[in-house]
Amino acid sequence: MTVASRVIAYIGLGSNLNDPGQQIKSARIAIAETDKISEVAFSSLYRSLPMGPQDQPDYVNAVMSVATELEPFELLRCLQAIENEQGRVRTGLRWGARTLDLDLLIYDQIQLADPVLTLPHSGLPDRAFVLYPLYEIAPDLVVPGYGPLTALLEHCPQAGLQQLSS
Ligand code: ROI
């Protein structure tokens, strides 16, 4: 039997429907309570302007780091199960409002381009609502394939992002 060793993964959390702050807090608890996942760090909550269609409410975003024994696709399935449990309805509308979005941002040093999972997450390098919360919990992070987080931040204005709580 092979025993998966513990690796560090980063998860992005976002919501703009049905009490977004509470959605994020509930998701944090659900993730941390999942077997073979333990929380390492959790950023502040941030309010962010919607990326994509503007006729939707502002988002609340946060980033979490976890230690996990789950393989990347197992972790992805757990995150999708939590999204579904918290009432996420997939409308098929691209970039529309959502009750809960859990993105697997980084999994250890893995770089992967699979139809259902891209690692690191393809949106990571240019999303202020991902990069600034990440910096808060992992300022020295080197993003696999992209380099130091600080270099990505230099090209990503903080405009539209407001820290809510620490
Ligand atoms: N915009 C913001 N600000 N935050 C998100 O989490 C977010 N998630 C999305 C899209 C629709 C791209 N826009 C977002 O999936």
Side-chain angles (χ1 to χ4, degrees), residues 1-48 51 57 59-92 95-125 127-146 149 163-166:
M1 189 180 82
T2 53
V3 178
S5 57
R6 285 160 74 84
V7 304
I8 300 294
Y10 293 86
I11 298 163
L13 304 89
S15 169
N16 72 343
L17 287 178
N18 300 348
D19 196 350
Q22 196 52 51
Q23 295 288 346
I24 301 297
K25 288 175 189 164
S26 302
R28 174 188 187 174
I29 293 167
I31 293 167
E33 285 180 347
T34 301
D35 195 28
K36 298 183 180 171
I37 301 179
S38 55
E39 177 178 320
V40 174
F42 198 90
S43 74
S44 307
L45 302 187
Y46 291 78
R47 178 177 305 286
S48 63
M51 174 180 229
Y59 279 78
V60 174
N61 285 107
V63 165
M64 176 178 191
S65 56
V66 298
T68 185
E69 291 161 42
L70 298 176
E71 301 293 341
F73 286 92
E74 293 176 317
L75 179 56
L76 181 68
R77 270 197 300 278
C78 284
L79 298 179
Q80 288 172 344
I82 293 168
E83 285 178 343
N84 293 335
E85 280 159 21
Q86 283 190 218
R88 170 148 178 198
V89 178
R90 290 174 190 274
T91 58
W95 285 13
R98 63 259 336 266
T99 43
L100 181 62
D101 204 5
L102 299 176
D103 288 333
L104 181 50
L105 300 170
I106 296 172
Y107 181 98
D108 198 37
Q109 301 301 313
I110 291 186
Q111 297 180 50
L112 182 69
D114 179 275
V116 295
L117 181 60
T118 300
L119 288 170
H121 191 283
S122 60
L124 182 148
R127 294 185 174 181
F129 60 84
V130 170
L131 295 179
Y132 285 87
L134 256 185
Y135 180 75
E136 200 192 323
I137 63 169
D140 299 326
L141 185 68
V142 177
V143 184
Y146 291 104
L149 176 60
Q163 189 172 354
L164 293 176
S165 62
S166 46

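Keep in mind it's a predicted model, so treat the numbers as computed, not measured.
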Could you check whether any side-chain heavy atom of [X] comes within less than 4.5 Å of a side-chain heavy atom of [Y], counting everything from C-beta outward?
X: V142; Y: L149; result: no
X: L124; Y: L134; result: yes
X: N61; Y: R127; result: no
X: F42; Y: V66; result: no

- Message: Show, in sequence, the C-alpha distance, side-chain angles and deciding distance for N16 and V60, and conclude whether the side-chain contact (heavy atoms from CB on, under 4.5 Å) test is met.
- Response: CA-CA 6 Å; N16 72 343; V60 174; over 6 Å; no

Enter the distance from [X]:[atom1] to [Y]:[atom2] here, rounded to the nearest 0.5 Å.
X: E39; Y: T34; atom1: CD; atom2: OG1; value: 11.5 Å
X: L75; Y: Q80; atom1: CG; atom2: CD; value: 10.0 Å
X: L70; Y: L79; atom1: CG; atom2: CG; value: 9.0 Å
X: Y59; Y: L13; atom1: OH; atom2: CG; value: 13.5 Å
X: R47; Y: F129; atom1: CZ; atom2: CZ; value: 14.5 Å
X: Q86; Y: Q22; atom1: CD; atom2: CD; value: 9.0 Å

- Could you go through the side-chain contact (heavy atoms from CB on, under 4.5 Å) check for Y10 and I137 one step at a time? CA-CA 10 Å; Y10 293 86; I137 63 169; 4.2 Å; yes

Please report the shortest heavy-atom distance between [X] and [Y], naming the atom on each side.
X: L117; Y: P72; value: CD2-CB, 3.9 Å
X: P125; Y: L131; value: O-CD1, 3.4 Å
X: V40; Y: A67; value: CG2-N, 3.5 Å
X: A62; Y: S44; value: CB-O, 3.7 Å
X: P120; Y: Q111; value: CD-CG, 4.3 Å

- Query: Any side-chain donor paired with an acceptor under 3.5 Å for T99 and Q23?
  - Reply: no

- Task: For the residue pair E136 and Y46, confirm or rule out a side-chain donor-acceptor distance under 3.5 Å.
- Result: yes

- Query: Does the side-chain contact (heavy atoms from CB on, under 4.5 Å) test come out yes or no for V63 and L105, once each step is laid out?
  - Reply: CA-CA 9 Å; V63 165; L105 300 170; 4.1 Å; yes

- Message: Check this for me: Y135, atom OH, are more than 12 non-hydrogen atoms of other residues, nucleotides or ligands nearer than 6.0 Å?
- Response: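 No, the 6.0 Å shell around OH holds no more than 12 heavy atoms from other groups.
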
- For E83 and L102, indicate whether the former's side chain and the latter's backbone hold a donor-acceptor pair under 3.5 Å.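 Checked: pair present.
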
- Please name the residue in the list T68, L76, L112 that meets the side-chain contact (heavy atoms from CB on, under 4.5 Å) test with Y107.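 So the option named by the test is T68.
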
- Query: Considering the options E33, E69, R6, which one meets the side-chain contact (heavy atoms from CB on, under 4.5 Å) requirement together with S38?
  - Reply: R6

- Message: Before you tell me yes or no, could you show the steps for H121 and V130 under side-chain contact (heavy atoms from CB on, under 4.5 Å), namely the whole-Å CA-CA distance, both residues' side-chain angles and the distance that decides it to 0.1 Å?
- Response: CA-CA 10 Å; H121 191 283; V130 170; over 6 Å; no

